[in-house]
Chemist: 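One structure, as structure tokens, below. Some questions next.
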Amino acid sequence: MSLALEILVSLLLLAGGGFMLLGSWGLVRLPDFYTRLHAPTKATTLGMAGLLLASMIYFSVSEARLSVHELLITLFLLLTAPVSAHMLAKTALHHRVKVVDRTQGKPLIDCAEARRPPSSS
Amino acid sequence: MLSTVIWIVSAMLAAALVMNLVRLLRGPDLSDRILALDTLYINSIGLILLFGLYRGTTLYFEAAMLIAMLGFVSTAALCKYLLRGDIIE
Amino acid sequence: MKTGGLSRWLPLPLQTAVLVVVWLLLNNSMAPGQILLGVVLAWLVSLLVAPLQEGPIRVRRFRLAGKYLLRLLKDIVVANFDVAARILRSRRHLKPGFVAVPLDIRGDLPVSLLANTVSLTPGTVSAELSSDRCWLYVHALHLEDDTVLIKVIKERYEQPLREIFEC
């Protein structure tokens, strides 16, 4: 494996690991549930994409044939991350999870929970 | 060089797992705990992939794929249970 | 429903093609045997699930769909850096908020695609859809101005989706 490729794989791995660490850091640090929801759905997904890309390049070079099945996990995570985020947000609305005081548009929470248009509130 | 980087990234992911565990134990609401579990499984997929890179084998790919699928289904099932009180309607 | 010969024997052409590609990715090979097996399996699965589908998916403009996908990938990376920066900064800077976005598109698939796009890209997560499917409730991590956010979502993501599905 050439040095340039090794550096590329290492950089991708470090970027991926960094994003996943940031996602989990956000999960611990952000103030309320809805803001915490953003960290794992976005940062962790991109982190996984970085790790999978690194693994794809590494195995394509070391086994001397194109290795693309990691793409499948990336695609799967890209498809499922927004769906699980949406379901978690629905659950939180249903359970009236507390929001931080400075959240804007608080009256919308009740409308969203009742699934009615915002004008009738 | 690559093996050093793999060790560093493994340490990062292990730290991420500990943070998820903190949120899982502390989470004031059930939805926080589900979110922590969701992040936990994605981080563990990353750890498995790194182990595959370290050993130089693609054998662990199937394990990662299965965790991804089962993890999503279990998150969806838990949310559905909390929303409706039932999983299969 | 009028069934021509093709739609009877190949009810879901787009989904069948996707299944073949997924099978080849899963096996990580382009061997002729795998391609044959993938085609047969995808065809059988599409015959089995066709009765569950409510009418076929009609993508009218494939080139626009490709352009939308590429822009989406770029936006995902940009939005990720944005969210990462906001996580690292002090939490006092954060101004979270809920927004109701009026929807002009109709149909299950376009609306769910828009909701998923909104969840993945501009620092927002779609939370709930009103039961008349005219409003999408969105939570933003950092909300400066709600009219700007609504405009971005409508012009950057909803408009191309409307053109792709022509609804």
Side-chain angles (χ1 to χ4, degrees), chain A residues 1 3 6-7 9-11 13-18 20-29 32-33 36-37 39-41 43-45 47-48 50-52 54-55 58-59 62-63 67 69-70 72-73 76-77 79-81 83-98, chain B residues 1-6 8-24 26-32 34-36 38-40 42-43 45-47 49-50 52-53 56-58 60-62 64-65 67-69 71-84:
Chain A
M1 199 169 189
L3 186 67
E6 204 166 324
I7 289 173
V9 171
S10 306
L11 282 181
L13 280 178
L14 281 174
M20 290 177 86
L21 194 60
L22 259 178
S24 302
W25 176 233
L27 187 67
V28 170
R29 184 164 174 272
D32 72 344
F33 175 76
R36 282 200 280 270
L37 193 54
T41 48
T44 311
T45 313
M48 273 312 287
L51 288 187
L52 288 160
S55 155
Y58 177 80
F59 284 119
S62 74
E63 296 191 354
S67 168
H69 60 188
E70 283 88 354
L72 210 56
I73 299 186
F76 188 78
L77 283 179
L79 284 178
T80 57
V83 178
S84 42
H86 178 73
M87 291 198 78
L88 280 164
K90 267 178 96 128
T91 316
L93 282 173
H94 188 70
H95 280 245
R96 306 285 173 140
V97 170
K98 264 195 222 122
Chain B
M1 182 177 84
L2 199 59
S3 57
T4 328
V5 170
I6 289 176
I8 295 171
V9 179
S10 306
M12 286 160 108
L13 286 188
L17 287 173
V18 171
M19 288 176 194
N20 295 340
L21 196 65
V22 168
R23 181 49 70 194
L24 183 65
R26 225 177 65 183
D29 274 293
L30 280 174
S31 23
D32 282 293
I34 301 177
L35 183 62
D38 193 68
T39 322
L40 204 66
I42 297 181
N43 284 348
I45 295 173
L47 214 51
L49 277 172
L50 275 178
L53 273 177
T57 151
T58 52
Y60 298 97
F61 165 78
E62 269 81 11
M65 187 82 211
I67 293 182
M69 292 182 155
F72 169 66
V73 173
S74 53
T75 307
L78 276 170
C79 288
K80 197 98 183 161
Y81 180 67
L82 285 186
L83 271 172
R84 306 279 177 88

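The figures that follow rest on heavy atoms only: side chains count, while hydrogens, waters and symmetry mates do not. Chain A is the first sequence line, chain B the second, and so forth, proteins listed ahead of strands; every chain is numbered from 1.
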Chemist: Rounded to the nearest 0.5 Å, how far apart are NZ of A:Lys90 and CG of B:Leu83?
Modeler: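 It is 6.5 Å, given to the nearest 0.5 Å.
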Chemist: Could you tell me the separation between the CD1 atom of B:Ile42 and the OG atom of A:Ser24, rounded to the nearest 0.5 Å?
Modeler: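 Here the rounded value is 9.5 Å.
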Chemist: Out of B:Leu53, B:Thr75, B:Leu30, B:Val22, return the one with the most heavy atom pairs under 4.5 angstrom to chain A.
Modeler: B:Leu53
Chemist: Working to the nearest 0.5 angstrom, can you tell me the gap between B:Phe61 CZ and A:Leu52 CG?
Modeler: 8.5 Å
Chemist: Heavy-atom cut-off 4.5 Å, strictly under: side chain, backbone, both or neither for A:Met48 against chain B?
Modeler: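 Just the side chain, heavy atoms under 4.5 Å.
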Chemist: With a 4.5 Å cut-off on heavy-atom pairs, point out which of A:Leu88, A:Leu51, A:Ile7 contacts chain B the most.
Modeler: A:Leu88
Chemist: I need the minimum non-hydrogen distance between A:Gly17 and B:Val9, along with the two atoms involved.
Modeler: CA-CG1, 4.0 Å
Chemist: Mind listing the closest non-hydrogen atom pair of A:Ser10 and B:Met1 along with its distance?
Modeler: OG-CE, 3.5 Å
Chemist: Give, as side chain, backbone, both or neither, the part of A:His69 having an atom under 4.5 angstrom from any heavy atom of chain B.
Modeler: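 Its backbone and side chain both get close to chain B.
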Chemist: With rounding to the nearest 0.5 angstrom, report the CG to CG distance, A:Leu27 to B:Asn43.
Modeler: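 Going from CG on A:Leu27 over to CG on B:Asn43, the span is 9.0 Å.
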Chemist: Checking B:Leu49 against chain A: side chain, backbone, both or neither under 4.5 Å from a heavy atom?
Modeler: side chain
Chemist: Find the one option among A:Met87, A:Met20, A:Arg36 whose heavy-atom pairs under 4.5 Å with chain B are most numerous.
Modeler: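 Ranked by heavy-atom pairs under 4.5 Å with chain B, first place is A:Arg36.
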Chemist: Does any heavy atom of chain A fall under 4.5 Å from the side chain of B:Leu40, the backbone, both, or neither of them?
Modeler: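 For B:Leu40, neither part sits under 4.5 Å from chain A.
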Chemist: For B:Thr4, which atoms come within 4.5 Å of any heavy atom of chain A: side chain, backbone, both, or neither?
Modeler: neither
Chemist: Going by the angle between their ring planes, with limits at 30° and 60°, are A:Phe76 and B:Phe72 parallel, tilted or perpendicular?
Modeler: perpendicular
Chemist: Checking A:Leu37 against chain B: side chain, backbone, both or neither under 4.5 Å from a heavy atom?
Modeler: both
Chemist: Return the NE2 to SG distance between A:His94 and B:Cys79, rounded to the nearest 0.5 Å.
Modeler: 11.5 Å
Chemist: Please flag which part of B:Leu13 lies under 4.5 Å from any non-hydrogen atom of chain A: side chain, backbone, both or neither.
Modeler: side chain
Chemist: Based on non-hydrogen pairs under 4.5 Å, which of B:Gly46, B:Ala36, B:Gly71, B:Ser31 is most in contact with chain A?
Modeler: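 Top count of heavy-atom pairs under 4.5 Å with chain A: B:Ser31.
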Chemist: For the interface with chain A, which of B:Thr57, B:Leu35, B:Thr39 has the highest count of heavy-atom pairs at distances below 4.5 Å?
Modeler: B:Leu35
Chemist: First locate atom CG of B:Asp38, then atom OG1 of A:Thr80, and finally report the distance between them rounded to the nearest 0.5 Å.
Modeler: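 Rounded to the nearest 0.5 Å, the CG-OG1 separation comes to 8.0 Å.
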Chemist: Sort B:Asp29 into side chain, backbone, both or neither according to what part of it lies under 4.5 angstrom from a heavy atom of chain A.
Modeler: side chain
